[in-house]
Asks: 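Below is a structure I'd like to ask you about.
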Amino acid sequence: MYALVDVNNMYVSCERVFAPSLVGRPVVVLSNNDGACIARSNEAKDLGVQMAQPWFQVRHLERSAGLVALSANFELYGDMSSRMMSLAQLHAPRQEVYSIDECFLDFDGVRGDLVARGRALRTQVLRWTGLPTSVGFGATKTLAKLANHVAKTAERKPGSYPRALAGVCDFGALDRAALAEVMRRTEVGNVWGIGRKTSAKLNEGGVRTVFDLMQADTASLRRQFSVVIEKTVVELRGTRCLEVDDAPEPNQQIMCSRSFGEPVTALPDLLDVASQFASRVAEKLRQQDGAAGAVHVFITTSPFRRQDRQHSPSLTTRLLRPSADTRTLVAAATRAMQAIYRPGFNYVKAGVMLVDLGPAGQPQGELDLFAPAGQGGPDDPVRRTPERLMQALDALNQRFGRGTLNVASAMEPPAPAAYHAKRERMSPRWTSRLDDIPHVH
DNA sequence: TCTGGGGTCCTAGGACCC
DNA sequence: TCTGGGGTCCTAGGACCC
């Protein structure tokens, strides 16, 4: 059996660990720029706050319903996540970390009562980290995800499913009739891989519940949608198409993109942004020990600003040879930015993406076949220095904080820039900054 | 006034090759 | 007048996930 473990309302739950006064209150965590809600407590969901809903649309609930909004504190969530993952890992032979708040566990060959094991896991994670979790067991990943949904919903909405399934739900422990009843009570859009568009189309065709979907003809589903849906149905019927993978491949692309605090029109600002973003993705790239073959840069105006002329240019620049050198990547990104920029537009967002990734390994730096011996030719030991320079850069930034050392063009300008994101409601980085450690009086 | 930031996979269609 | 068929590679775009 496979299990899916996830933290209930992860970001809100992390905030509550260090601010117990938030327990029981409606709380949302806002995206970058304090723009939209990216996490909601159950109380906030009950108020009708939707995922990704713009903050200005729900702001009135602050006064009328005591809604609390916090800026996203990813440093805190990342640290809490690794604590939770390392605990969950202790409960099964293999773990696949699937996202910041979820992991699959492989219980194949494990004897005993899985529900009891799931409860033990929940209890330990709650005691040791303060984070509430839900656990679902199923024969396939898709079933484990669905069981997790049932466990969570049964706990949150009494009456939706049998009380016994709250918190921990093992599909393997249900008899045929009970399982069919659960599938009949569950809308098809709750299945992993069935999104908004697909569920709308399925509903049109009379497929409303998971039960309906399980009966549907796979061949015609494949024709109408794609093999993805076909695999989903096969998995719902209990045949594995996806394995728990505890050694996933490194990422195929690495991106840094952000909305600005206010629209940006000037090229120098955008060049600053390009070099800062490129510097950030270069760092991420070296963490996975990779090299990028190409750099993709984009900027976009806002479709919500109807009065503005729209412009969303992008450009992919192929590098001479794969590189993980901040200086090379920053140079490519700023050159691309220069090329796509047009004056007179209100740009609200930019991004730098590294693509065509491969393993590092090749010596970096400019290769000059015709250089005299010892002066930049293929055998020149000096050519290895860029790697060591980047290692030193990463080591210093890790020890003293991001931005301690950078290439000059990626340094923050002395005055606060317009493109800086708003983060007016951010909590302290309780677990990862010495200055932010909570005091007990 | 104010609308997230990462990722993955699949498909269709065009260019190109023999 | 009549103008192949099969394969690969690349890109853009869409749908999905958290």
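Each chain gets a letter, A, B and so on, in the order the sequences are listed, and its residues count up from 1. Please read all numbers here as calculations on a predicted model, not as lab measurements. Atom set for the values below is all heavy atoms of this structure, side chains included, hydrogens, waters and symmetry mates excluded.
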Asks: Any side-chain heavy atom of A/F18 within less than 4.5 Å of one from A/L76?
Replies: yes

Asks: Base, sugar-phosphate alone, or nothing: which one does A/D101 contact when heavy atoms must sit under 4.0 Å apart?
Replies: sugar-phosphate

Asks: For A/E75, is there an ion pair with A/R423 - N to carboxylate O distance below 4.0 angstrom?
Replies: no

Asks: Apply the test side chain to side chain contact (heavy atoms under 4.5 Å, CB included) to residues A/L70 and A/L30: give CA-CA distance (whole Å), side-chain angles for both, the deciding distance (0.1 Å), then the verdict.
Replies: CA-CA 6 Å; A/L70 299 163; A/L30 301 175; over 6 Å; no

Asks: Show me, range against range, the stems involving DNA chain C, built from at least 3 consecutive Watson-Crick or G-U pairs below 3.5 Å.
Replies: B:5-18 with C:5-18

Asks: Mind calculating the distance between CZ (A/R59) and C1' (B/dT1) to the nearest angstrom?
Replies: 11 Å

Asks: Can you confirm whether the side chains of A/E15 and A/Y77 place a donor and an acceptor under 3.5 Å from each other?
Replies: yes

Asks: Taking the cut-offs as 6.0 angstrom to the six-membered ring centre and 45 degrees off its axis, would you call A/R240 and A/Y2 a cation-pi pair?
Replies: yes

Asks: Is it true that A/E62 and A/R425 make a salt bridge, defined as a side-chain N closer than 4.0 Å to a carboxylate O?
Replies: yes

Asks: Provide, to the nearest angstrom, the distance between the CG atom belonging to A/N346 and the P atom belonging to B/dT1.
Replies: 14 Å

Asks: If I pick the C1' atom on B/dC16 and the same atom on C/dG4, what distance separates them, to the nearest angstrom?
Replies: 15 Å

Asks: I'd like to check A/K141 versus A/Y98 (side-chain heavy atoms, cut-off strictly below 4.5 Å). Are they in contact?
Replies: no

Asks: Could A/E235 and A/K145 be called an ion pair, given the rule that one side-chain N must be under 4.0 Å from one carboxylate O?
Replies: no

Asks: Under 4.0 Å between a side-chain nitrogen and a carboxylate oxygen: does that hold for A/D79 and A/R433?
Replies: no

Asks: Does any part of the side chain of A/F171, heavy atoms only, come nearer than 4.5 Å to the side chain of A/V182, both counted from C-beta?
Replies: yes

Asks: So if I define the base as every atom that isn't primed, P, OP1 or OP2, how would nucleotides 3-11 of chain B read as a B/S/- string at a heavy-atom cutoff under 4.0 Å?
Replies: BBSSSBSSS

Asks: I'd like to know if the side chain of A/D394 and the backbone of A/Q391 have a donor-acceptor N/O pair within less than 3.5 Å.
Replies: no

Asks: Does C/dC17 have OP1 or OP2 under 4.0 Å away from a side-chain N or O of A/K145?
Replies: no

Asks: What parts of residues 189-202 of chain A reach DNA chain C, counting only heavy atoms under 4.0 Å away?
Replies: A/V191, A/W192, A/G193, A/I194, A/G195, A/R196, A/K197, A/T198

